[in-house]
Enquirer: 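One structure follows; several queries about it will come next.
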Amino acid sequence: MSERVQIAIDGHSSTGKSTLAKALAKYLNILYLDSGAMYRAVALYQMEHNLSDQDLINRLEQLEVSFNAKNEICLNGKMVENEIRKMEVSNRVSGVAQIPEVRKKLVELQQKVPQSVVMDGRDIGTVVFPKAQLKLFMTASPEIRAERRYNELRSKGEEVSLKEVLENIKTRDFQDENRTTDPLRVAEDAVYFDNSDLSLDEQLHKAIQLYHERA
Ligand code: DC
């Protein structure tokens, strides 16, 4: 593969973007990068240090967000993959993702990735990689997404109710779509991908087909 491949998978929260992105990256033998994990890591930092938004902005320069060799998210060198998935972080992350200074820092880091990559997030096709060879916009009904996320959290032993998860999903949809800086929107050249009724195999098959058509 001589040309650098960039594949952008955006969409609503808990639509299975990362599952599809990982499977596609594996199939193409390229890197997968979870941009949401980066926003979650910043939210975790704010939470752990009990910082106001302004304090967080003031400390951004000292904050290092990276991925280790196992592709796990690290905050100032410490692996925080498990901490960032907790409900408390999910409830806070949309607020952090609205801060323009945070977005600027993370977008710059994402754009510096030197190799071929499948990246999932909210603004990958619109802001981070506007020239991506393939852009998918994933969605599914809030109820289906809540059920998937609920099962995932429960399997990790987290005590949550389905109602709480559904509310969190709806709130995040609203905040992601309505923030001033880089809101979630469908890129003009993105393929709309509703996976409410598709298995992972079917999604992967469709994504591979689209990639070959476009790349
Ligand atoms: O994909 P996720 O649920 O892990 O993302 C966590 C939050 O980060 C989500 O509420 C929106 C935000 N986000 C963003 O604003 N831009 C991205 N590229 C990725 C995530």
Side-chain angles (χ1 to χ4, degrees), residues 5-37 39-40 71 84-87 89-91 93-94 97 117-129 132-158 160-179 182-215:
V5 174
Q6 291 172 333
I7 297 179
I9 303 192
D10 290 304
H12 290 113
S13 58
S14 302
T15 41
K17 294 186 296 292
S18 64
T19 310
L20 176 62
K22 267 182 216 161
L24 187 57
K26 191 171 172 204
Y27 173 83
L28 296 172
N29 197 19
I30 61 177
L31 179 72
Y32 158 67
L33 220 139
D34 176 359
S35 72
Y39 288 91
R40 285 172 178 272
N71 208 8
I84 62 157
R85 307 286 164 200
K86 299 221 158 127
M87 201 64 198
V89 175
S90 296
N91 284 333
V93 65
S94 284
V117 63
V118 181
M119 196 178 289
D120 74 331
R122 304 293 188 288
D123 59 343
I124 311 304
T126 51
V127 177
V128 180
F129 297 143
Q133 287 91 338
L134 175 64
K135 300 177 185 178
L136 301 180
F137 187 92
M138 290 181 67
T139 191
S141 76
E143 288 72 21
I144 286 191
R145 290 188 274 141
E147 208 176 300
R148 290 177 185 156
R149 185 102 187 98
Y150 172 77
N151 290 334
E152 192 185 320
L153 287 168
R154 293 297 288 224
S155 73
K156 287 183 188 159
E158 201 162 334
V160 284
S161 69
L162 185 59
K163 187 167 170 271
E164 192 185 350
V165 177
L166 181 61
E167 266 162 26
N168 173 262
I169 281 184
K170 286 184 176 167
T171 307
R172 281 206 285 155
D173 282 358
F174 182 84
Q175 288 178 330
D176 289 346
E177 285 166 359
N178 293 286
R179 67 169 171 249
D182 307 338
L184 173 67
R185 56 190 170 81
V186 188
E188 254 175 46
D189 47 351
V191 180
Y192 201 76
F193 206 98
D194 187 325
N195 71 358
S196 299
D197 301 311
L198 294 179
S199 70
L200 177 59
D201 269 355
E202 288 166 334
Q203 293 173 53
L204 180 61
H205 187 256
K206 193 172 157 186
I208 292 168
Q209 211 174 4
L210 287 166
Y211 170 74
H212 287 305
E213 276 167 30
R214 296 190 166 219

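Nothing here was measured: the structure is a model prediction, and the numbers come from that model. Numbers here are sequence positions counted from 1.
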Enquirer: Let me confirm one number: the OG1-CG distance from T139 to N195, rounded to the nearest 0.5 Å.
Expert: 8.0 Å

Enquirer: Which atom pair, heavy atoms only, marks the closest approach of S35 to I124?
Expert: OG-CD1, 3.6 Å

Enquirer: Would the distance check show the side chain of D34 and the main-chain N or O of S18 forming a donor-acceptor pair, the cut-off being under 3.5 Å?
Expert: no

Enquirer: Tell me the closest heavy-atom pair linking A187 and K135, and the distance in Å.
Expert: CB-CD, 3.9 Å

Enquirer: Under the 3.5 angstrom rule, does the side chain of R149 hit a backbone N or O of S14 as a donor-acceptor pair?
Expert: no

Enquirer: Can you tell if the side chain of E177 reaches within under 4.5 Å of the side chain of H12, non-hydrogen atoms only?
Expert: yes

Enquirer: Mind checking side-chain contact (heavy atoms from CB on, under 4.5 Å) for E158 and listing every partner two or more places apart, or none if nothing turns up?
Expert: K86, M87, L153, V160

Enquirer: Between D194 and S196, do the side chains contain a donor N or O and an acceptor N or O under 3.5 Å apart?
Expert: yes

Enquirer: Restricting to non-hydrogen atoms, name the atom on T15 and the atom on A140 that form the minimum distance, rounded to 0.1 Å.
Expert: CG2-N, 3.7 Å

Enquirer: Between R85 and S90, do the side chains contain a donor N or O and an acceptor N or O under 3.5 Å apart?
Expert: no

Enquirer: What distance do L24 atom CG and L136 atom CG have between them, rounded to the nearest 0.5 Å?
Expert: 7.5 Å

Enquirer: Please work out whether the ring planes of F137 and Y192 are parallel, tilted or perpendicular, with thresholds of 30° and 60°.
Expert: parallel

Enquirer: Would you give the length of the straight line joining atom CD of E188 to atom OG1 of T126, rounded to the nearest 0.5 angstrom?
Expert: 11.5 Å

Enquirer: Which heavy atom of K170 sits nearest a heavy atom of P142, and at what distance?
Expert: CE-CB, 4.3 Å

Enquirer: Report yes if some heavy atom in the side chain of F193 is under 4.5 Å from a heavy atom in the side chain of I9; otherwise report no.
Expert: no

Enquirer: Measure from the side-chain N and O atoms of R145 to the backbone N and O of S13, and report whether any donor-acceptor pair falls under 3.5 Å.
Expert: yes

Enquirer: Does the side chain of V117 come within less than 4.5 Å of I30's, by heavy atoms?
Expert: no

Enquirer: What's the separation between atom CD1 in I144 and atom CD1 in I169, rounded to the nearest 0.5 Å?
Expert: 11.0 Å

Enquirer: Has the side chain of N71 got a donor or acceptor atom that lies under 3.5 Å from a matching backbone atom of Y32?
Expert: yes

Enquirer: For E202 versus D197, what's the shortest heavy-atom pair and its separation?
Expert: OE1-O, 3.9 Å

Enquirer: If you measure from CG on L134 to CD1 on I208, what distance do you get to the nearest 0.5 Å?
Expert: 11.0 Å

Enquirer: Between D176 and L184, is there a donor-acceptor pair closer than 3.5 Å when you use the side chain of the first and the backbone of the second?
Expert: no

Enquirer: Roughly how far, to the nearest 0.5 Å, is OG of S161 from OH of Y150?
Expert: 7.5 Å

Enquirer: Under a 3.5 Å distance rule, please check whether R214 uses its side chain to pair with a backbone N or O of Q133 as donor and acceptor.
Expert: no

Enquirer: Using salt bridge (charged side-chain N to carboxylate O under 4.0 Å, His left out), reason through R148 and E152 one step at a time and then give a plain yes or no.
Expert: CA-CA 6 Å; R148 290 177 185 156; E152 192 185 320; over 6 Å; no

Enquirer: Which heavy atom of L28 sits nearest a heavy atom of I7, and at what distance?
Expert: CD1-CD1, 3.5 Å

Enquirer: Show the numbers, then the answer: is there a side chain to side chain contact (heavy atoms under 4.5 Å, CB included) between E213 and L210?
Expert: CA-CA 5 Å; E213 276 167 30; L210 287 166; 4.0 Å; yes

Enquirer: Is it true that atom CD of E147 has more than 12 heavy atoms of other residues, nucleotides or ligands lying nearer than 6.0 Å?
Expert: no

